[in-house]
*Asks:* 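Dropping a structure here in structure tokens format, bear with me for questions.
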Amino acid sequence: MHRTARRPCTPTRPSRSRRRLLAGTVAVVAALGPAACGTADGALRSPSAAAPSGTPSPAAARPSGTAATTVAPVPGSDAVPPGGAGSPAAPSTSAAPPRPTPSPSATTASPAPTTPGTPATPNTPAAPTAAPSTPAAPPPRPGAGTVIGSTASGGRTVALTFDDGPGPATGQVLDLLAQYHAKATFCQIGRNAAADPAMVRRVLAAGHRLCDHSVHHPQPFAKLPHDKAGYEITAARNMIVQAGGPGTEVRWFRAPGGGFNADNEQITASLGMSSLGWSVDPRDWARPGVPAIVSAVQKQLRPGGVVLMHDGGGDRSQTVAALRQLLPWLVAQGYAFDFPAA
């Protein structure tokens, strides 16, 4: 077989212009870097197409903050941006400069990371304007301004109190209270207690409590001189304790007609008693009629109230008849029977 001899490959020295073209091509490739490498189909990738997924484009990385791109918070929205409650809150005007807001062309780009070690600025709402404060009242002096008009437990409770006994109606009142398992406080006149110690002991045996209501029921009580007021309060307390027997406690003093003042309140406190007022007064002492007594209690009573009635000092048949209606009404209204606060 005839073979043709191959000519030896002698490198051809490129011309000067070709060398310049090759040098320029190498410089371009070096400037473009790997992004200029050919793909499988021979096409060149642009630098933006060669960026890895999730990397913001130059437009996305450009911070906004101009008047055209800054989103102002909607009034009443607590500065929550349009992204919703889960989006970062806009900083307050007194905080550091706001974070860059993504431009419309970069809505799919990842948010720019915060600088490590720099805490995010919370959105602190403006503090409400404080209302003018009212100067606090000075504390009452000992024994003054301490008249009680509420129950010990509060809530839906009521304290029934009966003044001026023991009297002819006291036994009937005790019978009615026992029917409804109700407890009450009896504010007794000292000389009446001394005249009927058996009734005082019956009151205590039934689980009721006692209150000092002076010796002679003088009025106006608040006008009494110090020595006279001291006698009326102290002597009545001693009479009630003696009538009730050993261990008798008298926890309150009720001034006749509610005539309290700083002086007699201090006397009361010095004897270990509390000054007892009331919050409901049906004026049963004036005998206005049973319907009027019942209606007054029902209209005036509020939870925790103290009701003033009378079991002595005259004819108390209207009070007994009114109590016969009031006790089942109180139970139906959900009231529990309590003693006054002390």
*Asks:* Could you tell me whether D175 and R202 have a side-chain N and a carboxylate O separated by less than 4.0 Å?
*Replies:*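 Salt bridge: yes.
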
*Asks:* Show your reasoning for whether side-chain contact (heavy atoms from CB on, under 4.5 Å) applies to V241 and V250.
*Replies:* CA-CA 7 Å; V241 169; V250 181; 3.8 Å; yes

*Asks:* Pick one: which of L160, T161, D281 meets side-chain contact (heavy atoms from CB on, under 4.5 Å) with V306?
*Replies:*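 Only one option passes, and that is T161.
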
*Asks:* In this structure, is the centre-to-centre distance between the rings of Y180 and Y335 below 6.0 Å?
*Replies:*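 Not close enough - the centres of the two rings lie 6.0 Å or further apart.
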
*Asks:* Does one hydrophobic cluster hold both F339 and L330, with members joined at side-chain heavy-atom distances below 4.5 Å?
*Replies:*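 F339 and L330: separate clusters.
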
*Asks:* side-chain contact (heavy atoms from CB on, under 4.5 Å) between R209 and R251: does it pass, once the steps are laid out?
*Replies:* CA-CA 8 Å; R209 294 183 181 175; R251 305 189 181 189; 2.9 Å; yes

*Asks:* Evaluate the criterion side-chain contact (heavy atoms from CB on, under 4.5 Å) for residue pair T268 and I233; output intermediate values, then yes/no.
*Replies:* CA-CA 7 Å; T268 299; I233 298 171; 4.0 Å; yes

*Asks:* Treating Ile, Leu, Val, Met, Phe, Trp and Tyr as nodes and any side-chain heavy-atom pair under 4.5 angstrom as an edge, say whether Y231 and F260 lie in one connected cluster.
*Replies:*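 Different hydrophobic clusters.
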
*Asks:* Would a distance-only check, ignoring hydrogens and angles, find a side-chain to backbone donor-acceptor pair under 3.5 Å from Q318 to G289?
*Replies:*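 Judged by distance alone, yes, a pair lies under 3.5 Å.
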
*Asks:* Hey, does the side chain of D196 reach the backbone of P166 with a donor-acceptor pair shorter than 3.5 angstrom?
*Replies:*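 No, the answer is negative, given that no donor and acceptor are paired below the 3.5 Å cut-off.
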
*Asks:* Does any non-hydrogen side-chain atom of R316 lie less than 4.5 Å from one of W285?
*Replies:*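 The answer is yes, as the side chains (C-beta and beyond) meet within the 4.5 Å cut-off.
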
*Asks:* Would you say V158 and L326 are hydrophobically clustered, going by side-chain heavy atoms of ILVMFWY under 4.5 Å?
*Replies:*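 V158 and L326: one cluster.
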
*Asks:* Has the side chain of D212 got a donor or acceptor atom that lies under 3.5 Å from a matching backbone atom of A236?
*Replies:*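 Answer holds: no.
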
*Asks:* Check whether I240 and V173 end up in the same hydrophobic cluster, where Ile, Leu, Val, Met, Phe, Trp and Tyr are linked by side-chain heavy atoms less than 4.5 Å apart.
*Replies:*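 Yes; tracing contacts between hydrophobic side chains, which count when under 4.5 Å, links both residues.
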
*Asks:* Whether R254 and D163 form a salt bridge (side-chain N of Lys/Arg under 4.0 Å from carboxylate O of Asp/Glu) is what I want to check.
*Replies:*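 Salt bridge present between D163 and R254.
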
*Asks:* With side-chain contact (heavy atoms from CB on, under 4.5 Å) as the test, pick out the partner of V297 among L308, V307, L323.
*Replies:*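 It is V307, the one option of L308, V307, L323 that forms the side-chain contact (heavy atoms from CB on, under 4.5 Å) with V297.
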
*Asks:* Would the number of heavy atoms belonging to other residues, nucleotides or ligands and lying under 6.0 Å from CD of Q242 be above 12?
*Replies:*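 Open: at most 12 neighbouring heavy atoms sit under 6.0 Å from CD of Q242.
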
*Asks:* Should the ring pair F186 and F162 be called parallel, tilted or perpendicular, given that the plane angle runs from 0 to 90° and is split at 30 and 60?
*Replies:*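 Parallel.
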
*Asks:* Name the one of H216, H213, R237 that satisfies side-chain contact (heavy atoms from CB on, under 4.5 Å) with E232?
*Replies:*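 It is H216; the other options fail the test.
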
*Asks:* Should I148 and F337 be regarded as members of a common hydrophobic cluster, given that ILVMFWY residues are connected when their side-chain heavy atoms come within less than 4.5 Å of each other, either directly or indirectly?
*Replies:*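 The answer is no; the residues belong to distinct hydrophobic clusters.
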
*Asks:* Can you check side-chain contact (heavy atoms from CB on, under 4.5 Å) on K183 and L177, steps first, answer last?
*Replies:* CA-CA 7 Å; K183 302 303 178 184; L177 294 174; over 6 Å; no

